[in-house]
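What's counted below: heavy atoms across the whole structure, side chains too, no hydrogens, waters or symmetry copies. Order of the sequence lines sets the chain letters (A, B, ...), proteins ahead of strands, with each chain counted from 1.
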Protein chains: 2
Amino acid sequence: MQDLTIGRLAKTAGSDVETIRYYERRGLVPEPPRGRNGYRLYPASAVARLRFIQRAKTLGFSLAEIADLLRLQDANADRGEVRAMTRQKQADLDQRIADLQRMRAVLADLEERCTGHGPAQSCPIIEALNQHASPEVAE
Amino acid sequence: MQDLTIGRLAKTAGSDVETIRYYERRGLVPEPPRGRNGYRLYPASAVARLRFIQRAKTLGFSLAEIADLLRLQDANADRGEVRAMTRQKQADLDQRIADLQRMRAVLADLEERCTGHGPAQSCPIIEALNQHASPEVAE
DNA sequence: GTTGACCCTGTAGTCTACTCCGGGATTATG
DNA sequence: CATAATCCCGGAGTAGACTACAGGGTCAAC
């Protein structure tokens, strides 16, 4: 397969020229060789690299974490390290899910108590928001 | 009750001086009267206002949305509008929870397939990220 | 009365992941 | 050959919610 210009790489991988240059600055995509005109010339493997980044993003990894994963891959490190990152990310997600579910439950409860019409200032939701939120903040 | 300087308000409400001034710029906290020295002098009700903001934040509302909620309260609008915002926020949360749960499920599946030790380049997790088709997400 | 805590304004920096812009060189298309 | 598309670089702007100065005035405690 021929080398790809950044534009063709972007199109092939479903990414964007500016995004690829940004990933290069961030160290996620290695600097490719340049043609005589100074254009970046990517090997076909760059497509896989971008797809890796995209998929890791859909799994909740940050670019910094993806850079770590790519380093583990490039260094062919022990898969235990990869598994550890996966476990950590699951724990992060569990925490965030639990937080969101708690919020959601409170909102559902408040909504249930607010029926019909009437002034907002006697709306149970507004009233709840005006209660003392922090049971422990002293003074 | 005496008026509060911004520092005492911050302490009482469990907030921060800079944060309160920021909320003022954002229109969440009304500009209070000033003393002869130019100091902000807050009525006791400002504490409730800050607590409202804090509590709404813990329920997932953005500052822009909280500003809307406060406007509904201040204008004593119909509680139907408050309920609508609460419903919308629940829908947002449901969407985010679903996204996170999907990510979490994929990670759990991948982790299960990666056992013991060995080179990362043959790690099922890394391999999945390198697949042409996404591990669980449609193309 | 002097030190240190507190207050003022306005601006700038932080984090994440881009996205856009200007100005200029090169290549592809008709 | 003219024009459009693409490429280069460096830097600035975006959103959200703060957080941190700089530089200067004021107030409370010892």
Side-chain angles (χ1 to χ4, degrees), chain A residues 2-29 31-42 46 49-70 89 92-93 96 99-100 103 139, chain B residues 2-29 31-42 46 49-50 52-70 89 92-93 96 99-100 103:
Chain A
Q2 285 285 65
D3 287 343
L4 302 158
T5 63
I6 195 168
R8 280 195 61 72
L9 172 61
K11 212 167 199 177
T12 306
S15 187
D16 180 89
V17 169
E18 300 285 355
T19 302
I20 294 170
R21 285 201 277 249
Y22 173 69
Y23 287 168
E24 182 180 305
R25 288 197 294 281
R26 290 286 306 257
L28 282 98
V29 170
E31 288 188 42
R34 302 296 182 108
R36 213 166 273 115
N37 52 18
Y39 287 14
R40 290 170 178 80
L41 290 178
Y42 292 94
R49 191 99 174 165
L50 284 176
R51 292 243 161 90
F52 184 110
I53 295 168
Q54 288 161 2
R55 274 192 286 274
K57 263 162 51 73
T58 69
L59 294 179
F61 290 102
S62 69
L63 292 191
E65 289 163 341
I66 294 169
D68 288 342
L69 285 171
L70 287 167
K89 181 52 60 181
D92 292 352
L93 290 175
R96 286 165 60 194
D99 288 346
L100 264 38
M103 297 177 190
E139 172 40 18
Chain B
Q2 285 283 67
D3 286 343
L4 302 158
T5 62
I6 196 169
R8 288 214 32 88
L9 172 61
K11 208 169 197 180
T12 306
S15 188
D16 180 88
V17 170
E18 301 285 356
T19 302
I20 295 169
R21 286 200 277 248
Y22 172 68
Y23 287 168
E24 182 181 307
R25 288 198 295 279
R26 289 285 306 257
L28 283 100
V29 170
E31 287 189 44
R34 303 293 183 113
R36 213 167 277 111
N37 51 19
Y39 288 15
R40 289 169 179 81
L41 291 177
Y42 292 94
R49 191 99 174 165
L50 285 176
F52 184 110
I53 295 168
Q54 288 161 2
R55 188 140 172 79
K57 263 162 50 75
T58 70
L59 294 179
F61 289 103
S62 69
L63 292 190
E65 290 164 341
I66 294 170
D68 289 341
L69 285 171
L70 286 167
K89 182 52 61 181
D92 292 351
L93 290 175
R96 286 165 60 193
D99 288 347
L100 265 38
M103 296 176 191

(message) B/D16: which residues meet the salt bridge (charged side-chain N to carboxylate O under 4.0 Å, His left out) condition with it, sequence neighbours left out?
(response)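 Salt bridge (charged side-chain N to carboxylate O under 4.0 Å, His left out) list for B/D16, sorted by chain: empty.
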(request) Could I get the full list of salt bridge (charged side-chain N to carboxylate O under 4.0 Å, His left out) partners for B/R21, not counting sequence neighbours? (result)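 Salt bridge (charged side-chain N to carboxylate O under 4.0 Å, His left out) check on B/R21 returns B/E18.
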Whole-Å distance separating the [atom1] atom of [X] from the [atom2] atom of [N]:
{"X": "A/L9", "N": "D/dC7", "atom1": "CG", "atom2": "C1'", "value": "14 Å"}
{"X": "B/Y22", "N": "D/dG16", "atom1": "OH", "atom2": "C1'", "value": "6 Å"}
{"X": "A/E24", "N": "D/dG10", "atom1": "CD", "atom2": "P", "value": "11 Å"}
{"X": "B/K57", "N": "D/dA17", "atom1": "NZ", "atom2": "C1'", "value": "7 Å"}
{"X": "A/R34", "N": "D/dC7", "atom1": "CZ", "atom2": "P", "value": "12 Å"}

Checking [X] now: which residues fulfil side-chain contact (heavy atoms from CB on, under 4.5 Å) with it, not counting sequence neighbours?
{"X": "A/Y39", "answer": "A/N37"}
{"X": "A/R34", "answer": "A/E24, A/R40"}
{"X": "A/D99", "answer": "A/Q95, A/R102"}

(request) Considering non-hydrogen atoms only, spot the tightest contact between B/M103 and A/T58 and give its length. (result)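 Nearest pair, atom of B/M103 first, then A/T58: CG-O, 3.2 Å.
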(request) Would you name the heavy atoms of A/I66 and A/I53 that are closest together and state the gap between them? (result)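 Looks like CD1-O, 3.7 Å.
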(request) Give a yes/no answer on whether the side chain of A/K11 brings an N or O atom under 4.0 Å of OP1 or OP2 in D/dA5. (result)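 No, A/K11 has no side-chain N/O under 4.0 Å of OP1/OP2 on D/dA5.
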(request) Would you grab the first and last nucleotide of DNA chain C (5' to 3') that comes under 4.0 Å of any non-hydrogen atom in chain A? (result)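 Reading along DNA chain C, I get C/dA17 to C/dT27.
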(request) Please round to 10 degrees the angle between the axis of the first five pairs and the axis of the last five pairs in the helix from C/dG1-D/dC30 to C/dG30-D/dC1. (result)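 The value is 10°.
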(request) List for me each residue that meets side chain to side chain donor-acceptor pair (under 3.5 Å) alongside A/S62, sequence neighbours excluded, and say none if there are none. (result)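 For A/S62, the residues satisfying side chain to side chain donor-acceptor pair (under 3.5 Å) (neighbours in sequence not counted) are A/E65.
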(request) Quick one: list whatever passes side chain to side chain donor-acceptor pair (under 3.5 Å) with B/R96, sequence neighbours left out. (result)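 Side chain to side chain donor-acceptor pair (under 3.5 Å) check on B/R96 returns nothing, list empty.
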(message) Treating primed atoms plus P, OP1 and OP2 as sugar-phosphate and everything else as base, which nucleotides of nucleotides 21-30 of chain D get B, S or - for protein heavy atoms under 4.0 Å?
(response) B---BBS---
(message) Heavy-atom nearest nucleotide on DNA chain D for A/V17 versus B/R25: which residue maps closer to 5'?
(response)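 The residue mapped nearer the 5' terminus is A/V17.
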(request) Report yes if some heavy atom in the side chain of B/Y42 is under 4.5 Å from a heavy atom in the side chain of B/I20; otherwise report no. (result)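 Contact flag for B/Y42/B/I20 side chains = yes.
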Ignoring hydrogens and angles, write down the donor-acceptor pairs under 3.5 Å from the side chains of residues 4-15 of chain A, residues two or more places apart or on other chains.
{"unit_1": "A/T5", "atom_1": "OG1", "unit_2": "A/R8", "atom_2": "N", "d": "3.4"}
{"unit_1": "A/T12", "atom_1": "OG1", "unit_2": "A/R8", "atom_2": "O", "d": "2.7"}

